[in-house]
Amino acid sequence: MVEKELDKQLKSILKGAEDVLILDELKILLAESIKSDKPLNIKLGLDPTAPDIHLGHMVVLTKLRQFQDLGHNATLIIGDYTARIGDPTGRSILRPSLSPEKIEENAKTYMKQAFKIIDESRTTVVKNSIWLEPLKFSEVLNITSRFTIARMLERDDFKKRFSGNLPITIMEFLYPLMQAYDSVAIRADVELGGTDQKFNLLMGRELQKEFGQKPQIAITMPILVGTDGSQKMSKSLGNYIGVNENPDEIYGKIMSIPDTVMIDYYNLLTNLSKKEISDIQVSIKDEGLNPVVVKRKLAYMIVERLYNKDFAKEAESNFNKIFKEKSIPDDVSEYIINKDDYPLGKIKITTFLSKTKLCSSNAEAKRLVEQGGLKIDGKKVSDINFELSLNDINFKVIQRGKRHFLKVIVK
RNA sequence: GGAGGGGUGCCCGAGUGGCCAAAGGGAGCAGACUGUAAAUCUGCCGGUUCACGCCUACAUAGGUUCAAAUCCUAUCCCCUCCA
């Protein structure tokens with residue numbers, strides 16, 4: 001009985017994971033948990049350095065959710081204290097530090113978005129300032145005395161900066177220790193993180209040992225590539241899909257990822273089993289299954305995860321309308337035009353486009369029209385001198401390119 | 001503290017007196033095609049103007065010149081080497 005349950009749990013936990021340190025310890029821990037019916041404490045730290053989370057963050061949150069679905073508990077650590085330093089991981093320069101107000105604000109939106117993915121009822125949320133702030137200097141010394149500079153410089157990003165004569169502040173050295181101390185404070189059984197977190201997660205293990213605790217298991221998840229299909233998903237690269245974006249947008253952006261990374265997305269962001277995913281791969285390769293069908297399913301599942309079935313269905317149908325039938329989606333946002341503002345009863349198409357923000361300037365509007373990217377009620381308009389008559393554009397839909405629509409309401 | 005190098009459009013980056021609204025790439029936008037907002041191909045890509053043109057822009061502020069991203073002066077910022 002225990003065997004079977006253990007097997008099931010391991011399968012789910014290992015799916016998509018890059019690395020488990022140490023696997024055998026994890027097995028023992030899980031077996032004990034099953035036998036004694038005591039859930040494990042799974043740690044995930046989030047630094048509220050930016051207000052939005054995207055599918056890259058969702059990878060590790062999804063893993064956390066899988067743990068919860070197996071009956072374990074999550075401890076989500078809001079790194080409000082550590083955010084003041086900023087994680088130097090992967091950084092070539094010192095991060096700018098954030099004000100406490102900004103951190104607080106980010107933390108709020110963070111949580112709201114995180115709970116779209118994880119189970120709130122099985123989650124404890126704590127801020128690490130609770131234990132980091134009151135630490136005495138002597139206690140800090142106690143912690144720092146257990147690690148060496150050489151050990152710190154093993155870290156690739158520190159090494160690079162050091163050998164490249166770039167500054168590393170002592171404060172940044174402290175960052176991994178603080179994160180490690182979080183694990184001690186909450187007595188974590190398992191800590192999750194991206195592959196770039198491996199060093200920090202291992203520090204947690206070491207410090208726990210120093211404090212006489214059982215060392216946590218570190219599970220790292222691969223880095224999700226962005227919509228460009230090659231670079232790490234990140235806001236600054238503009239290749240991200242935010243969990244707070246509207247369903248149509250999420251659905252569409254998923255459809256825009258290259259086919260080659262589709263399977264990664266399946267592995268990292270869905271709850272399908274390894275077997276189900278490899279079956280899909282086989283079908284595409286050997287049975288001529290059209291990849292677009294697979295991608296649609298992915299887009300659907302992710303919208304469903306982040307919203308619900310209805311939104312997913314709607315996003316799907318809107319996508320079909322726009323791209324398959326090349327028609328107009330159901331819910332088009334409206335633009336109200338006031339008759340009194342235009343005594344002549346007409347408006348030039350270019351000024352209209354820039355006024356509605358469909359285009360950012362008159363010049364851009366002109367280009368759009370010239371290039372044949374403008375449709376009014378499905379009919380292409382390519383005359384840049386075209387004038388809209390207020391009398392007959394009421395309720396008509398203006399379309400910019402393939403996917404931007406606006407319904408005009410004349411008042 | 002001393003010596004040297006540099007700051008260019010959304011980003012990277014070429015340009016060292018006129019031919020510079022500034023090469024090239026990326027991002028973005030549009031079109032064609034398609035299985036998609038994939039890939040590929042084509043076009044566009046500071047603002048304003050129907051257009052000629054005008055305005056804004058090569059860190060900032062001044063100056064030299066008929067003409068400055070390019071030369072000079074000051075200021076701010078970044079980097080490298082030496083101490």
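By convention in this document, chain letters (A, B, ...) are assigned in the order of the sequence lines, proteins followed by strands, and residues within each chain are numbered from 1. Computed from a predicted model, the values in this text were never measured in an experiment. Side chains included, hydrogens not; waters and symmetry mates left out as well; all remaining heavy atoms used.
- Using a 4.0 Å heavy-atom cutoff across all strands shown, Gly372(A) reaches sugar-phosphate atoms only and no base atom.
- Counting any heavy atom pair closer than 4.0 Å across all strands shown, Lys375(A) reaches no nucleic acid atom.
- Remark: U34(B) base-pairs with no nucleotide in the shown strands. Criterion, Watson-Crick or G-U wobble with two distances under 3.5 Å.
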Yes or no on side chain to side chain donor-acceptor pair (under 3.5 Å) for Asn290(A) and Arg296(A), after CA distance, side-chain angles and deciding distance?
CA-CA 10 Å; Asn290(A) 193 333; Arg296(A) 281 163 170 283; over 6 Å; no
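- When the C1' atom is compared between C76(B) and G62(B), the two are found 15 Å apart, to the nearest whole Å.
- C71(B) and U16(B): their P atoms are spaced 9 Å apart (whole Å).
- Listed by chain and number, the residues in a salt bridge (charged side-chain N to carboxylate O under 4.0 Å, His left out) with Arg65(A) are Asp69(A) (sequence neighbours excluded).
- Remark: Arg400(A) engages Leu358(A), Cys359(A), Leu368(A), His404(A) in a side chain to side chain contact (heavy atoms under 4.5 Å, CB included) (not counting sequence neighbours).
- The shortest distance between side-chain heavy atoms of Lys116(A) and Arg305(A) does not fall below 4.5 Å.
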Pair Asn200(A), Gln179(A) - check side chain to side chain donor-acceptor pair (under 3.5 Å), show working.
CA-CA 7 Å; Asn200(A) 292 353; Gln179(A) 184 172 337; 3.1 Å; yes
Find every protein N or O atom lying less than 3.5 Å from an N or O atom of nucleotides 25-29 of chain B, and list the pairs.
from: C29(B); atom 1: O3'; to: Arg400(A); atom 2: NH2; distance (Å): 3.0

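- The distance between atom CD1 of Ile241(A) and atom P of A38(B), rounded to the nearest whole Å, is 13 Å.
- At whole-Å resolution of the value, NZ in Lys380(A) and C1' in A30(B) are 10 Å apart.
- A heavy-atom distance below 4.0 Å to RNA chain B is reached by these residues of residues 258-272 of chain A, ordered by number: Pro258(A), Asp259(A).
- Checking A21(B) for Watson-Crick or G-U wobble geometry (two distances, each under 3.5 Å) identifies no partner in any strand.
- With a cut-off of 3.5 Å on both Watson-Crick or G-U wobble distances, the partner of G1(B) is given as C82(B).
- A gap of 12 Å separates the C1' atoms of U8(B) and A21(B), to the nearest Å.
- As a whole-Å value, the separation of Asn320(A) CG from G35(B) P is 15 Å.
- Taking only side-chain nitrogens and oxygens, Lys402(A) never comes nearer than 4.0 Å to OP1 or OP2 of C33(B).
- Atom P of nucleotide A37(B) and atom CD of Glu316(A) are separated by 15 Å, given to the nearest angstrom.
- Taking the six-membered ring for Trp and thresholds of 30 and 60 degrees, Tyr335(A) and Phe352(A) have ring planes more than 60 degrees apart, a perpendicular arrangement.
- Using N1 to N3 plus N6-O4 or O6-N4 for Watson-Crick, or N1-O2 and O6-N3 for G-U wobble, each under 3.5 Å, C76(B) pairs with G7(B).
- A27(B): no Watson-Crick or G-U partner with both key distances under 3.5 Å is found in any strand.
- Put simply, CD1 on Ile257(A) is 11 Å from P on A39(B), counting in whole angstrom units.
- Rounded to an integer number of Å, the gap from CD1 of Ile322(A) to P of A37(B) is 10 Å.
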Contacts under 3.5 angstrom, residues 14-22 of chain A side chains, donor-acceptor by atom type, not counting sequence neighbours:
from: Lys15(A); atom 1: NZ; to: Asn267(A); atom 2: O; distance (Å): 3.3
from: Lys15(A); atom 1: NZ; to: Thr270(A); atom 2: O; distance (Å): 2.6
from: Lys15(A); atom 1: NZ; to: Leu272(A); atom 2: O; distance (Å): 2.8
from: Asp19(A); atom 1: OD2; to: Lys198(A); atom 2: NZ; distance (Å): 2.8

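- The stretch residues 242-251 of chain A touches RNA chain B through Asp248(A), Glu249(A), each having a heavy atom within less than 4.0 Å of the strand.
- Rounded to whole Å, the C1' atom of C55(B) lies 35 Å from the corresponding atom of G5(B).
- Within residues 346-362 of chain A, the residues that place at least one heavy atom under 4.0 Å from RNA chain B are, in residue-number order, Lys348(A), Ser361(A), Asn362(A).
- Between Gln68(A) and Thr123(A), the side chains place a donor N or O and an acceptor N or O closer than 3.5 Å (distance only, hydrogens not considered).
- In this structure, Glu206(A) does not pair ionically with Arg146(A), as no charged nitrogen and carboxylate oxygen lie closer than 4.0 Å.
- No side-chain N or O of Ser333(A) forms a donor-acceptor pair with one of Lys407(A) less than 3.5 Å apart.
- Following rounding to the nearest Å, Leu298(A) (CG) and U36(B) (P) show an atom-to-atom distance of 17 Å.
- Partners of Asn271(A) according to the side-chain hydrogen bond (donor to acceptor under 3.5 Å, both in side chains) rule, which considers only residues two or more places apart in sequence or in another chain, are Gln66(A).
- The salt bridge (Lys or Arg N to Asp or Glu O under 4.0 Å) analysis of residues 360-388 of chain A, with sequence neighbours excluded, yields the pairs Lys346(A)-Glu387(A).
- By the salt bridge (charged side-chain N to carboxylate O under 4.0 Å, His left out) test, Lys275(A) is found to be paired with Asp279(A), residues two or more places apart in sequence or in another chain being considered.
- Listed by first and then second residue, the ring-ring contact (aromatic ring centres under 6.0 Å, His included) pairs involving residues 268-319 of chain A are Tyr251(A)-Phe319(A), Tyr307(A)-Phe311(A), Phe319(A)-Phe323(A) (not counting sequence neighbours).
- For C71(B), the paired nucleotide is G63(B), the pair qualifying as Watson-Crick or G-U wobble because both relevant distances are below 3.5 Å.
- Atom C1' of G26(B) sits at a distance of 24 Å from the matching atom of U34(B), rounded to the whole Å.
- At least one side-chain heavy atom of Ile376(A) sits less than 4.5 Å from a side-chain heavy atom of Phe386(A).
- With sequence neighbours left out, Lys295(A) forms a side-chain hydrogen bond (donor to acceptor under 3.5 Å, both in side chains) with Asp259(A).
- A27(B) and U42(B): their P atoms are spaced 15 Å apart (whole Å).
- Straight-line distance between the P atoms of G7(B) and A69(B): roughly 15 Å, to the nearest whole Å.
- If you measure from atom CG of Asn318(A) to atom P of U36(B), you get 16 Å, rounded to the nearest angstrom.
- Closest-nucleotide positions on RNA chain B for Lys366(A) and Gly252(A) were compared, and the one nearer the 5' end corresponds to Gly252(A).
- A gap of 31 Å separates the P atoms of C33(B) and A23(B), to the nearest Å.
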